[in-house]
Amino acid sequence: MDKEYPQEKETKNIIQAQGEELLSTKEDQSTTFIDKRAEHSGTPNVKEQTEYRSIIVGIDLGTTNSLIGYYDAGFPILLANREGSRLTPSIVSYAKSSTEPAVGHLAQRQQALYPQRTLSSIKSLMGRRIGDPESQGWKHLVGRPGEPLKIKIDELLLTPEEVSAEILKELKEIAQRSLGMIIRDAIITTPAYFNDAQRQATRRAGELAGFNVRRIISEPTAAALAYGLDKLNDQSRIAVYDFGGGTFDLSILKLDTGFFEVIATAGDTNLGGDLIDEALTKLLLHKLHLKEELELSIFLRLRHAARQAKEELSFIEKTTLRFPFLKATKSQEVTITREELEKIALPIIEKTAPLARRALADSGLSFEDLDELLLVGGTTRMPAVRMFVEKLFKKKPNLSQHPEEAVAIGAVLQGAMLEGKLHEITLLDVTPLSLGIETFGGLMNVIIPRNTTIPTKAGELFTNALAGQEKMRISLLQGERELAKDNWKLGELELPFTPAPKGKARVGVQFSIDVNGLLQVLVRDLCSGEEKIMEITHAVDVSDEAVEAMIADSLEHAFEDHEARLFTEAKLKAEEMLPAVQRALSQLHELISSDTRTAILNTAAHVQHALEKKEGKLLKEKLQELDLSTQSLATLLLEEAMKSKKNQPLE
């Protein structure tokens with residue numbers, strides 16, 4: 001496919017104000033609801049006949065804990081579960097003796113009894129495939145390399161979406177029991193660095209739980225709402241440092257005339273407080289003189305104790321952990337100090353620094369340019385994290401919100417905006433990597449650059465590279481490299497079109513990304529009007545380590561990639577120009593002098609030599625010389641064409 005010329009890109013499609021297209025049609029009907037979980041647990045059912053009202057709940061579907069809330073009487077309200085906690089552990093246990101899986105605190109208690117049938121931190125597997133780094137260390141995964149992964153627990157075969165759906169069902173039940181009404185609409189948050197496959201998986205989990213997922217929004221963006229940053233002056237620049245249980249994100253937001261815009265983001269979905277829990281668990285094993293190869297139930301007890309110790313040491317200097325009957329009748333206890341915790345945690349915390357610097361570099365800002373620094377995620381409650389962040393950013397963080405609840409509150413506020421209960425602040429995210437297609441010669445043609453504000457729409461016109469082509473194959477790419485082969489392939493589609501001479505066909509390619517970050521590709525033959533549409537329901541199912549590697553590789557190989565593109569573009573031009581020069585010399589043999597002919601042939605030979613040596617810069621220079629030396633040929637060809645046309649008889 002040959003690129004013809006770019007079309008104007010619509011890179012700032014700001015979300016419309018509430019009331020235009022955001023509110024769904026309310027259903028004027030009653031619906032019967034039977035709460036099966038409440039029936040099994042002995043707790044009261046939601047009344048069987050409940051009138052449906054349009055309430056949009058906000059959900060923080062977290063790696064470690066999840067929360068749900070709604071907006072009422074001018075305030076965001078987070079709802080408590082049966083244990084009286086607003087935090088519901090993101091754990092699901094499939095005990096053989098129960099027809100329904102246990103979720104939350106109950107599943108957490110069952111984890112020691114049924115460790116092989118209990119799943120936690122399932123968020124890290126959302127949208128993943130067999131062979132991805134995130135799947136390493138997980139047991140009971142089935143599937144061929146490259147296929148969407150599934151988890152086998154005895155006779156059960158589960159997808160990560162199905163497990164996450166159980167957590168969402170539990171949250172839904174909490175809301176329906178608390179509010180005495182059926183809940184259908186929801187806002188669900190995801191890490192800013194989730195790719196399309198992970199966002200789609202989150203949406204599917206919500207749908208499996210019975211939700212109408214009105215919008216997927218990024219966690220840092222939701223946090224900015226929770227902190228009330230719409231009250232800042234316009235042109236304010238905000239950094240959201242989100243360090244949760246399983247993920248880390250650093251987003252740079254701009255407040256500009258009434259809307260938030262995420263101007264840069266960087267993150268790692270495999271970097272979080274869970275790593276600190278693992279390191280502290282190893283310390284406990286050492287202090288208790290236990291080997292790492294011990295029973296899973298004992299290991300899980302230690303892991304749970306390590307997490308409790310980490311949380312306690314955010315407020316006290318030391319804590320004593322007691323393990324009754326750890327080994328048969330033997331009980332043990334061990335003391336952990338904050339200093340010990342911080343020593344093993346600091347190397348993990350320091351991994352957030354390069355991501356923060358990269359996001360700032362992408363935004364074109366320095367640490368000094370920031371007006372606000374927000375801390376989000378349970379791991380930021382650690383004093384070591386707060387001291388590290390203050391030192392890194394040279395700024396005291398805003399601690400006005402509970403870091404574990406801020407994202408959920410932001411999701412609730414976004415739901416209130418869609419309901420029209422709250423003045424809407426427009427939230428704009430960005431694309432984490434460039435999107436484009438492969439063009440003739442194996443080059444990556446970027447249509448939507450990395451860090452473009454979404455929602456967005458952009459397109460370009462392309463033409464046929466060969467005469468008589470009957471179809472065009474469009475390869476959709478994501479990445480930062482110059483050559484198509486070095487980027488990630490999202491998908492492929494074919495468009496048949498009317499055969500035409502080389503360069504005469506016109507095919508439009510349009511990429512559009514909605515507010516949820518989901519990609520739709522439209523390809524249209526402008527002559528026949530035939531078109532094809534592909535919705536990307538999966539993106540590049542790779543780890544964020546691989547995303548980091550992609551960006552790092554693009555910097556490391558920037559010079560080589562530039563040379564490769566330069567040579568490829570020059571090669572295509574040379575392969576087209578050299579035969580054209582030979583035809584012109586043959587056609588105008590009697591009209592040009594031998595000196596002119598010799599000079600042109602010499603220059604053409606230099607072009608051929610540079611082409612064979614594969615020297616892009618030299619080839620480009622020689623092509624420019626050939627272009628200059630053949631200007632007289634071009635003039636003569638034009639004159640001959642005019643004479644030929646003039647001498648043609650009238651029709």
Is the closest side-chain heavy-atom distance between Val92 and Ile122 below 4.5 Å? no
Using the side-chain contact (heavy atoms from CB on, under 4.5 Å) rule, take Asp185 and Ile55 through it: C-alpha gap first, then chi angles, then the decisive distance, then the call. CA-CA 7 Å; Asp185 295 333; Ile55 283 185; over 6 Å; no
Are any side-chain N or O atoms of Ser218 and backbone N or O atoms of Pro191, one a donor and one an acceptor, separated by less than 3.5 Å? no
Is a donor on one side and an acceptor on the other found under 3.5 Å between the side chain of Gln176 and the backbone of Ile183? yes
Backbone N or O of Ile349 within a donor-acceptor pair of the Thr352 side chain at under 3.5 Å? yes
Does the Lys152 side chain pair with the main chain of Asp154, one donor and one acceptor, at a distance under 3.5 Å? yes
Please identify each residue that fulfils ring-ring contact (aromatic ring centres under 6.0 Å, His included) with Tyr114, with sequence neighbours left out. none
Return the set of residues passing side-chain hydrogen bond (donor to acceptor under 3.5 Å, both in side chains) with Glu390 (not counting sequence neighbours), or none when no residue passes. Lys396
For Pro148, which residues count as a side-chain contact (heavy atoms from CB on, under 4.5 Å) partner, sequence neighbours excluded? Arg129
Does the side chain of Arg82 come within less than 4.5 Å of Arg177's, by heavy atoms? yes
dist Thr265:OG1 -> Asp249:CG (nearest 0.5 Å) comes out at 5.5 Å
Determine whether Leu119 and Ile153 make a side-chain contact, defined as any pair of heavy atoms from C-beta on separated by less than 4.5 Å. yes
Closest heavy-atom pair and its distance - Ala406, Ala226: O-CB, 3.1 Å
Could you measure the distance from the CD1 atom of Ile344 to the CD atom of Glu340? Nearest 0.5 Å is fine. 8.5 Å
Can you find a heavy atom in the side chain of Lys254 that is under 4.5 Å from one in the side chain of Ile252? no
Using side-chain contact (heavy atoms from CB on, under 4.5 Å) as the criterion, list what pairs up with Pro403, not counting sequence neighbours. Thr380, Arg381, Arg386
What distance do Phe323 atom CZ and Leu288 atom CG have between them, rounded to the nearest 0.5 Å? 5.5 Å
Is there a donor-acceptor pair under 3.5 Å between the side chain of Arg215 and the backbone N or O of Ile187? no
Only counting residues at least two apart or in another chain, list the ones meeting side-chain contact (heavy atoms from CB on, under 4.5 Å) with Lys318. Thr335, Thr337
Please enumerate all residues that pass side-chain hydrogen bond (donor to acceptor under 3.5 Å, both in side chains) together with Ser90, with sequence neighbours excluded. Ser66
Which atoms form the tightest heavy-atom contact between Pro76 and Ile409, and what is the distance? CG-CG2, 3.8 Å
For the residue pair Glu219 and Val376, establish whether any side-chain heavy-atom pair is separated by less than 4.5 Å. no
What closest approach, in Å, do Leu78 and Ala408 show between heavy atoms, and which atom pair accounts for it? CD2-CB, 3.8 Å
Glu339: what forms a side-chain hydrogen bond (donor to acceptor under 3.5 Å, both in side chains) with it, not counting sequence neighbours? none
Do Ser400 and Asn398 pair up side chain to side chain, a donor and an acceptor below 3.5 Å, judged on atom types alone? yes
For Ser314 and Met382 the tightest heavy-atom approach is OG-CA, 3.7 Å
Within the side chain of Arg184, is there an N or O that forms a donor-acceptor pair under 3.5 Å with the backbone of Asn212? no
Using the side-chain hydrogen bond (donor to acceptor under 3.5 Å, both in side chains) criterion, which residues pair with Ser93? Sequence neighbours excluded. Gln110, Thr118
Taking 4.0 angstrom as the limit, do Glu100 and Lys169 come out as a salt bridge? no
Taking all heavy atoms of Ile167 and all of Ile91, pick out the closest pair and write down the distance. CD1-N, 4.4 Å
Evaluate side-chain contact (heavy atoms from CB on, under 4.5 Å) for Asp268 paired with Leu355, printing each intermediate quantity in order. CA-CA 8 Å; Asp268 186 342; Leu355 295 168; 4.0 Å; yes
Heavy-atom side-chain contact between Arg128 and Pro160 under 4.5 Å: no
In sequence, state the C-alpha distance, the side-chain angles, and the governing distance for Ile77 and Val412, and then conclude on side-chain contact (heavy atoms from CB on, under 4.5 Å). CA-CA 8 Å; Ile77 300 170; Val412 169; over 6 Å; no
Please answer whether the main-chain N or O of Gly210 pairs with a side-chain N or O of Lys172 as donor and acceptor at a distance below 3.5 Å. yes
Separation between CD1 of Ile59 and CD1 of Ile68, rounded to the nearest 0.5 Å: 4.0 Å
Listed once per pair and sorted, the salt bridge (charged side-chain N to carboxylate O under 4.0 Å, His left out) pairs that draw on residues 61-78, sequence neighbours left out: none
Does the distance from a Lys or Arg side-chain N to an Asp or Glu carboxylate O, for Glu155 and Lys96, drop under 4.0 Å? no
List the residues meeting ring-ring contact (aromatic ring centres under 6.0 Å, His included) with Tyr241, not counting sequence neighbours, and say none if there are none. Phe248
Side-chain touch Ile348/Leu271, heavy atoms, less than 4.5 angstrom: yes
Under 6.0 Å from the NZ atom of Lys150, do we count more than 12 heavy atoms belonging to anything else shown? no
Test your reading of the model: is there a side-chain donor-acceptor pair from Lys123 to the backbone of Gly246, 3.5 Å cut-off? no
Contacts of Glu405 that satisfy salt bridge (charged side-chain N to carboxylate O under 4.0 Å, His left out) - sequence neighbours left out: Arg86
To the nearest 0.5 Å, atom OG1 of Thr88 lies from atom CG of Leu106 at 12.0 Å
Looking at side-chain heavy atoms only, is the closest gap between Met417 and Leu225 below 4.5 Å? yes
Between the main-chain N or O of Arg237 and the side-chain N or O of Asp371, is there a donor-acceptor pair closer than 3.5 Å? yes
Are Arg204 and Glu207 close enough for a salt bridge, meaning some N to O gap below 4.0 Å? no
Checking salt bridge (Lys or Arg N to Asp or Glu O under 4.0 Å) between Arg338 and each of Glu311, Glu312, Glu317, which is the one that passes? Glu317
Residues 271-280 vs salt bridge (charged side-chain N to carboxylate O under 4.0 Å, His left out), sequence neighbours excluded, gives Asp274-Arg307, Asp277-Arg307, Asp277-Lys310
Stepwise side-chain contact (heavy atoms from CB on, under 4.5 Å) test for Gln111 and His304: CA-CA 10 Å; Gln111 195 168 24; His304 182 64; over 6 Å; no
About how many Å separate NZ of Lys287 and CD of Glu333, when rounded to the nearest 0.5 Å? 12.0 Å
For the residue pair Ser121 and Trp138, what are the closest heavy atoms and their distance? O-CZ2, 3.6 Å
